[in-house]
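Convention: sequence-line order gives letters A, B, ...; per-chain numbering from 1.
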4 protein chains.
Amino acid sequence: MTRAITRIQFASMRRQPQQARSKAMVERIIEAGRAVLMRDGYEGFSTNRVAGEAGISPGSLYQYFPDKAAIVSAVVDRHSDAVAERVAAALADRIGDAGPGMIRATTAALLGALGADVEVLRVVMEELPAARNRDRRTALERRVRELVTAYLAARPGATRSVDHTTTAWVLVMAIEHLTVRYVLDRPDIARDAFLDEVVALCGGYLGIPTLP
Amino acid sequence: MTRAITRIQFASMRRQPQQARSKAMVERIIEAGRAVLMRDGYEGFSTNRVAGEAGISPGSLYQYFPDKAAIVSAVVDRHSDAVAERVAAALADRIGDAGPGMIRATTAALLGALGADVEVLRVVMEELPAARNRDRRTALERRVRELVTAYLAARPGATRSVDHTTTAWVLVMAIEHLTVRYVLDRPDIARDAFLDEVVALCGGYLGIPTLP
Amino acid sequence: MTRAITRIQFASMRRQPQQARSKAMVERIIEAGRAVLMRDGYEGFSTNRVAGEAGISPGSLYQYFPDKAAIVSAVVDRHSDAVAERVAAALADRIGDAGPGMIRATTAALLGALGADVEVLRVVMEELPAARNRDRRTALERRVRELVTAYLAARPGATRSVDHTTTAWVLVMAIEHLTVRYVLDRPDIARDAFLDEVVALCGGYLGIPTLP
Amino acid sequence: MTRAITRIQFASMRRQPQQARSKAMVERIIEAGRAVLMRDGYEGFSTNRVAGEAGISPGSLYQYFPDKAAIVSAVVDRHSDAVAERVAAALADRIGDAGPGMIRATTAALLGALGADVEVLRVVMEELPAARNRDRRTALERRVRELVTAYLAARPGATRSVDHTTTAWVLVMAIEHLTVRYVLDRPDIARDAFLDEVVALCGGYLGIPTLP
DNA sequence: TATGAATGAGATTTCATTCAT
DNA sequence: CATGAATGAAATCTCATTCAT
């Protein structure tokens, strides 16, 4: 039934000899996985459902992913990578800036990145067993923390403390969580006001004047 | 469904002797649930295991709890209540204090409360589908937020902003998350240093001098 | 459907409070396992089929057996135990006899025991991965071998060799295999003639006169 | 189904150059099958694994073999043929010999043939469903049995019995099984001693003097 | 009230086989 | 000839929940 249809549709989409086939399949599975994750949540995420959503046979999943967890990971990775890229880029762009500007820009980038796919963010933050995804999350945190540490070290007067590692840890944790919750909980705070608050929080913490 | 819930509410309001048995049972089940949650994690948490750990029959669970989720909730509630109580008490105690002292004391209370049962905290924060437990978490947050809002409103000069709601939201989110992560991730920061950082962060944000 | 029927039939069979229930279930599963093993062979032996044959739900199997292998083992054990018992008994009974009589009696006992359930013997010998059942088979062989070794040691002149261990090994292997194949392959040899041959083979080997 | 069989028979009869490719393929598949059988055992023997081991696509297998069982058969055949050839040769060579010498030589040949590839022997004897391979085993047995029967018939005084068929059956069964078990179980018996025992067993049975 | 045997749907994963290219 | 992606049935096992006793 679906088999012949799938095959035909598939064939009609194909362009490259074999890379395209695999790639399209992986895409399709990840996209289906994302859909299932958002529709049924993590607890309702089953390989059969993903296969159904992707319009393929359950067995076919296993030619592209070793197991169920790998599919979840792929879905999450796609999201994490996008966030990481945007944030790291923003952070790197502003590495030469003065304090408040960089904080605001970075937070804005994070806000934009996280807000771009709130549905996935919600599943990742609220439904996935964090244990399984700690690595991915801490990877970004560590990356950002190191950048911030380096930034602080490069500006001797930029902070009241000399323990830049600790300062960076506090900053990154606070910004990350505030932004995540802002995106997910949608408190009654305007976007600019939120950014102002973050800048105030971090600026006050670092001892830099934040009033432009 | 509603039957067991009724029973639970009922049990918690009564005092009669023969109800002591039910109460003891609820206790036993919650305690067993806690043990299983810590031993096997959320994914390994099954009603059969809880029944086994409690030394009762699986069927008996359903006379005290409507379903599996209710048992998890009860275990988490027990933990949340303890945390909430300690924090609210600390906050109430210091309601008349000046800024820095209150922040430090409250954070210390939270730190103590969360650190008292790291195992459960870890499961709650890292393994439980947060969607199912959002209510409980936000309940405490709201409670604390309202106290902080009131506190800020009572002290006109205590903050640079007039939007106390927003300020309270930022403060509570930041303190909560920093403390949770401090307890769970055990960064290389001494307890007192951590409290200093939190006080610096919040004090700077509120615009109050934090050097005692 | 089958559920209620099963339950009723079951209830009507029950006598003892709870032992009977378990015991009857184990019986039923083993019996069903035997049937499936004989009907579909080892490769067709599936837990679903066993459950179906037993008229119970697949899940119920797992209250009595930890896994599929355990069910196969139970079926085979039942057969092996019967064989072992009969043979060991015959061997022990004749331990004081002179050579030829004992050989003939023991072989006859083995023949009877193996012939009692040819179907199971065939599956055990020809379909089961021997690796899984080596223990059971070698257990009986060892048991018999030790008895034979002791017997030979007790009769200094009973054999041409002094290495009773080797002699026992040869005897047991030969008798076992000949009997198994006699039962399974049904060669055109009368039962008594077969026993005569075994007695001749072993008697000649041991150097004892076998003509009665 | 019949298609691949035809192809195999066909390939084995032809000599043409372009068929060399097919022949090489059959070789490769059989060799890969042997490797998988020895590496993963019979339960781990899958067509995909064989294809992988052979470095070809799973689909290609089906141009040379009708199904999985045929591949197993081919692997086993290769082994059986080698054993059969060696044993038959030894038996034919000694067809004029006196009793003890022939028994010893034949058993030695069997011992050598079986010992040459213990790994395959073990899989064949202990992992393969014997039902599927009975033909091959009984074919050799029958072949040998007929030779032995003829031998016995040609030497009227060579045995105590006149039923040469029965005698041959007993002899072949005993020798075969003893040798297989000797090779597989590695009992603590020296090779020469083992041969002595077999000669003693058979010689005693046949009523011929075995002391050279 | 308490039991616990029984349920049965459903989950993950494997693999012999096909067939369009 | 050869490919190898795709199939899809089937297998083992788990577990929340029920209900007769």
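At whole-Å resolution of the value, CD in A:Glu43 and P in E:dA11 are 12 Å apart. When the P atom of F:dC15 is taken as reference, atom CZ of B:Phe45 falls 12 Å away, rounded to whole Å. Look at OH on C:Tyr62: it is 18 Å from C1' on F:dA16, rounded to the nearest Å. Nucleotide E:dA9 holds its C1' atom 15 Å from the CG atom of C:Leu61, rounded to whole Å. In this structure, the CZ atom of C:Arg49 is 10 Å from the C1' atom of F:dA11, given to the nearest Å. Rounded to whole Å, the distance from CD1 on D:Ile56 to C1' on F:dC1 is 12 Å. One atom, CG of A:Asp40, and another, P of E:dG10, lie 13 Å apart when rounded to the nearest Å.
A distance of 11.5 Å separates CD of A:Glu43 from CG of A:Leu37, quoted to the nearest 0.5 Å. Here B:Glu126 contributes atom CD and B:Tyr42 contributes atom OH; the two are 15.5 Å apart, rounded to the nearest 0.5 Å.
If you run side chain to side chain contact (heavy atoms under 4.5 Å, CB included) between B:Arg34 and each of B:Ile71, B:Val120, B:Ile29, only B:Val120 comes through.
Checking side-chain atoms of D:Ser60 against main-chain N and O of D:Ile56 turns up no donor-acceptor pair under 3.5 Å.
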- Query: How far apart are the C-alpha atoms of D:Glu53 and D:Arg39, what are their side-chain angles, what is the distance that settles it, and do they pass the side-chain contact (heavy atoms from CB on, under 4.5 Å) test?
  - Reply: CA-CA 11 Å; D:Glu53 181 77 23; D:Arg39 179 161 44 82; 2.7 Å; yes

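No engagement by A:Phe65 is indicated, since no non-hydrogen atom pair under 4.0 Å with the nucleic acid exists. Here A:Thr47 lies in heavy-atom contact (under 4.0 Å) with a base. Contacts of A:Asn48 with the nucleic acid, taken as non-hydrogen atoms under 4.0 Å apart, include base atoms. Using a 4.0 Å heavy-atom distance criterion, B:Ser60 is classed as a base contact.
Closest to the side chain of D:Asp67, from the set F:dG8, E:dT17, E:dT12, is E:dT17.
Positionally, the nearest nucleotide of DNA chain E for C:Ser57 lies more toward the 5' end than for the other of C:Ser57 and A:Ser46. Of the residues near DNA chain F, A:Gly59 and C:Gly44, the one whose nearest nucleotide (by heavy atom distance) lies more toward the 5' end is A:Gly59.
Nucleotide E:dA20 forms a Watson-Crick or G-U wobble pair with F:dT3, both donor-acceptor distances falling under 3.5 Å.
Put simply, D:Gln63 has a side-chain N or O that comes within less than 4.0 Å of OP1 or OP2 on F:dA2. Listed pair D:Tyr64 / F:dA2 meets the phosphate criterion, a side-chain N or O lying under 4.0 Å from OP1 or OP2.
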